[in-house]
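Inspection log for the structure reproduced underneath, given as structure tokens.
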Amino acid sequence: MKQFFTNTLLEWNKNENTRSMPWKGEKDPYRIWLSEIILQQTRVEQGWAYYEKFILNYPTVKELAAAPEEAVFRLWQGLGYYARCKNMLAAARQIVSAYHGHFPNTYETIQSLKGIGPYTAAAIASFAFNLPHAVLDGNVFRVLSRFFDIDTPIDSTAGKKQFAELAQELLPHGLSASYNQSIMDFGAVVCKHQQPACHTCPLAGKCKAFQLGLTGLLPVKAKKLVIRKRYFYYLVLQYKDQVFIRKRTESDIWQNLHEFILIEAPAPEDVTALQSTAAFKNIMKDIRYNTDAVSGTFKQQLTHQTIYSQFLMLSVSKKPEMPGYMAVPRNQLDHYAFPKTITDFLGNRELTLF
Ligand code: SF4
């Protein structure tokens with residue numbers, strides 16, 4: 001059964017796998033790492049362009065390590081999950097300071113880098129150095145749970161251990177790179193999350209989930225995702241050609257990105273009513289302002305949160321004191337990295353009045 005599974009996947013990879021990606025067959029650990037970090041929680045179609053941008057701007061880990069943080073964040077803008085970007089830069093600097101700019105070449109040292117977990121370490125170790133480490137990502141969990149009919153929750157400690165051991169047992173000697181590539185691609189294009197191609201699948205003859213009609217029930221997850229709703233009201237305060245922004249430094253979403261003056265409300269607010277709240281008065285104090293326009297609601301979906309944002313364009317004729325915020329010429333806003341919801345707003349010419 002296990003031998004059949006491994007051999008069939010390797011055969012499929014050799015003869016039928018047409019999935020193309022710019023980093024496929026890549027042996028440079030820096031490029032593999034970059035692609036893996038970009039692809040965490042990002043679709044391949046979206047990540048592809050970012051990967052190429054990063055390779056073009058920073059062809060080596062030394063160049064990435066030497067780059068100013070703000071420039072790297074701007075290049076990352078739109079990918080979300082900015083902690084990934086922050087960790088990526090920290091790891092690049094770690095490679096330069098601890099390994100003289102040479103990417104480490106053992107599983108343990110790779111995993112010791114900032115932002116690299118067991119999956120990414122196994123991917124780099126196997127793809128770049130052909131080391132015997134099985135990858136375990138969403139695609140692999142899905143294929144294994146279905147073929148072997150395993151209903152242990154994949155997000156439980158027991159499940160992670162069980163799947164990791166099985167994945168490791170299936171790894172063929174000396175063929176880690178091609179086997180890992182096979183199973184990941186197979187999960188992405190054949191044993192898909194929805195509508196797996198069971199009727200043309202080369203594993204179907206021995207696939208337990210297919211035989212028992214369980215494909216729709218596997219893999220099993222223990223925890224249900226709870227999505228929190230948040231309501232952001234941005235005051236786009238303009239004085240002459242300047243607008244007030246600040247960098248988000250709290251350990252919250254969008255850390256290190258910039259934003260306008262924010263009032264977060266616990267529930268949806270009417271914009272007129274918002275202007276008489278204590279939060280608004282606390283910020284605006286006795287500053288005289290005009291309300292020039294109010295945007296519609298922008299929605300940004302994150303993994304655990306939905307952010308609803310609305311923008312109030314206010315103008316003042318006297319430069320106000322705005323502690324914690326800096327006044328930036330509006331034609332220089334593109335020098336700063338913003339969350340997607342704000343770049344969407346800034347891209348909407350009709351609304352911004354800029
Ligand atoms: S038969 Fe269906 S469920 Fe089983 S491995 Fe193939 S695609 Fe996946």
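Ligands are counted one by one from 1 in listed order, and the atoms in each one are counted from 1 as well. Please read these numbers as outputs of a predicted model, since none were measured by experiment.
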- Scanning both residues in full, the closest heavy-atom pair of Arg19 with Lys24 reads O-NZ, 2.5 Å
- Best match, Gly187, Cys201, Gly216, Pro196: closest heavy atom to atom 6 (Fe) of ligand 1: Cys201
- What part of Cys207, side chain from CB on, backbone N/CA/C/O, both or neither, has a heavy atom under 4.0 Å from ligand 1? side chain
- Does any donor atom in the side chain of Gln301 or Thr306 lie under 3.5 Å from an acceptor atom in the other side chain? yes
- Message: Strictly distance-based, threshold 3.5 Å: is any side-chain N or O of Gln46 a donor or acceptor partner for the main-chain N or O of Gly78?
- Response: yes
- Protein heavy atom at shortest distance from atom 2 (Fe) of ligand 1: Cys198 SG, 2.4 Å
- Is there a heavy atom in Val143 that sits closer than 4.0 Å to ligand 1? no
- Task: Using only heavy-atom distances, determine whether the side chains of Gln238 and Ser315 contain a donor-acceptor pair under 3.5 Å.
- Result: no
- Task: Name the closest protein heavy atom to atom 3 (S) of ligand 1, giving the residue it belongs to and the distance to 0.1 Å.
- Result: Thr215 CG2, 3.2 Å
- State plainly whether the residues Asp241 and Arg330 are in salt-bridge range, i.e. N to O under 4.0 Å. no
- Item | Pair Glu11-Asn15, side-chain donor/acceptor within less than 3.5 Å | yes
- Message: Give the atom numbers and elements of ligand 1 that come within less than 4.0 Å of a heavy atom of Ala204.
- Response: 1 (S)
- May I ask you to check whether Cys191 brings an N, O or S atom to under 2.8 Å from atom 6 (Fe) of ligand 1? no
- For ligand 1, note which part of Phe147 has a heavy atom under 4.0 Å away: side chain, backbone, both or neither. neither
